[in-house]
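Some notes on the structure that comes next.
Only heavy atoms go into these numbers, but all of them, side chains included; no hydrogens, no water, no symmetry mates.
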Amino acid sequence: MLSHPDQFQAVQEDHELIAPAIEEGLRFETPLTTVQRYVAERTELEGVVLPEGAVIDTCIGSANRDEQRWERSEEFDIFRKRLPHISFAAGEHTCMGLHLARMETRVAVECLLDRLTNIQLVADDNPRIWGHPFRSPTAIPVTFDVAG
């Protein structure tokens, strides 16, 4: 959100936007990029035959930016129409900790917004997300004021 100050300001002004901001963050910067799966039975997908028993890499990061699913998929937009993403996988492989992760993130953002003001990224040091298959920033350098 800090890379998009106008959207961050909207979240600061309306905490009801925290949940959609979290979901957009998960979609846009997926923390888990790929998972491996075995093909259960011979399948054809987009004209490619996948033989039974083949190991495939499912690219969650790519799926969450599928331009056939999301308009302006390469843009971060907390106001976009909410559609389910697969950052926590799906079906029987759904992450068991997804509700805890969302709750912890919401509490952290609420505490941050209640305790700090004038939060800004350090101008020359936009954070970079690293890692494969798990991704996260190595640091997020910011300046801020403590709320009065």
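No more than 12 heavy atoms of other residues, nucleotides or ligands sit less than 6.0 Å from atom CZ of Arg42. Environment of CD in Glu74: crowded, with over 12 heavy atoms of neighbouring residues, nucleotides or ligands closer than 6.0 Å. No more than 12 heavy atoms of other residues, nucleotides or ligands shown are found within 6.0 angstrom of CZ on Arg115. With a 6.0 Å radius and a threshold of 12 heavy atoms from other residues, nucleotides or ligands, Glu44 has its CD atom above the threshold.
When all heavy atoms of Phe76 and Ala21 are compared, the pair lying nearest together is CZ-O, 4.4 Å. The minimum heavy-atom distance between Ser87 and Arg27, with the atom names listed, is OG-N, 3.9 Å. Nearest heavy atoms, Ile129 versus Pro137: CD1-CD, 3.9 Å. Shortest non-hydrogen contact noted between Ser73 and Arg65 is OG-O, 2.9 Å.
A cation-pi geometry, defined here as NZ or CZ lying under 6.0 Å from the six-membered ring centre and within 45° of its normal, does not hold between Arg135 and Trp130.
Both Ile18 and Ile140 belong to a common hydrophobic cluster when Ile, Leu, Val, Met, Phe, Trp and Tyr are linked at side-chain heavy-atom distances under 4.5 angstrom. No path of Ile, Leu, Val, Met, Phe, Trp and Tyr side chains, each step under 4.5 Å between heavy atoms, connects Phe88 with Leu100, placing them in separate hydrophobic clusters. Note on Ile78: it clusters hydrophobically with Ile119, by side-chain heavy-atom contacts below 4.5 Å among ILVMFWY residues. Taking hydrophobic clusters as Ile, Leu, Val, Met, Phe, Trp and Tyr residues chained together by side-chain heavy-atom distances below 4.5 Å, Phe144 shares a cluster with Leu121. Under the 4.5 Å side-chain heavy-atom criterion for grouping Ile, Leu, Val, Met, Phe, Trp and Tyr, Met1 is not connected to Val107 through any hydrophobic cluster.
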For a salt bridge (charged side-chain N to carboxylate O under 4.0 Å, His left out) check, start with the C-alpha distance between Arg80 and Glu71, then their side-chain angles and the critical distance, and finish with the verdict. CA-CA 8 Å; Arg80 77 173 58 249; Glu71 291 183 29; over 6 Å; no
Salt bridge (charged side-chain N to carboxylate O under 4.0 Å, His left out) between Glu23 and Arg102, worked out: CA-CA 9 Å; Glu23 295 308 307; Arg102 285 180 169 128; 2.6 Å; yes
Under the side chain to side chain contact (heavy atoms under 4.5 Å, CB included) criterion, do Ile60 and Thr33 qualify, and how do the steps go? CA-CA 5 Å; Ile60 294 171; Thr33 57; over 6 Å; no
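The side-chain heavy atoms of Glu24 and Leu26, taken from C-beta on, include no pair separated by under 4.5 Å. With a 4.5 Å cut-off on side-chain heavy atoms, Trp70 and Asp77 do not count as touching. Considering only heavy atoms from C-beta on, Gln7 comes within 4.5 Å of Phe79 through its side chain. At least one side-chain heavy atom of Leu2 sits under 4.5 Å from a side-chain heavy atom of Val142. Here the side chains of His93 and Val35 are not in contact, with every heavy-atom distance at 4.5 Å or above.
Thr43 places a side-chain N or O within donor-acceptor distance of the main-chain N or O of Glu41, the cut-off being under 3.5 Å.
If you take CD1 on Ile86 and SG on Cys95, they are separated by 13.0 Å, rounding to the nearest 0.5 Å. In this structure, CD in Gln36 is found 9.5 Å from CD1 in Ile56, a value given to the nearest 0.5 Å. Rounded to the nearest 0.5 Å, atoms CG (Leu50) and CZ (Arg37) are 14.5 Å apart. Atom CD of Gln9 is separated from atom CG of Asp6 by 8.0 Å, given to the nearest 0.5 angstrom. Here NE2 of His132 is found 9.0 Å from CG of Leu32. Values are rounded to the nearest 0.5 Å. Of the inter-residue distances, the one linking Thr143 atom OG1 with Asn118 atom CG reads 6.0 Å to the nearest 0.5 angstrom.
Between the side chains of Asn64 and Thr30, at least one donor N or O lies within less than 3.5 Å of an accepting N or O.
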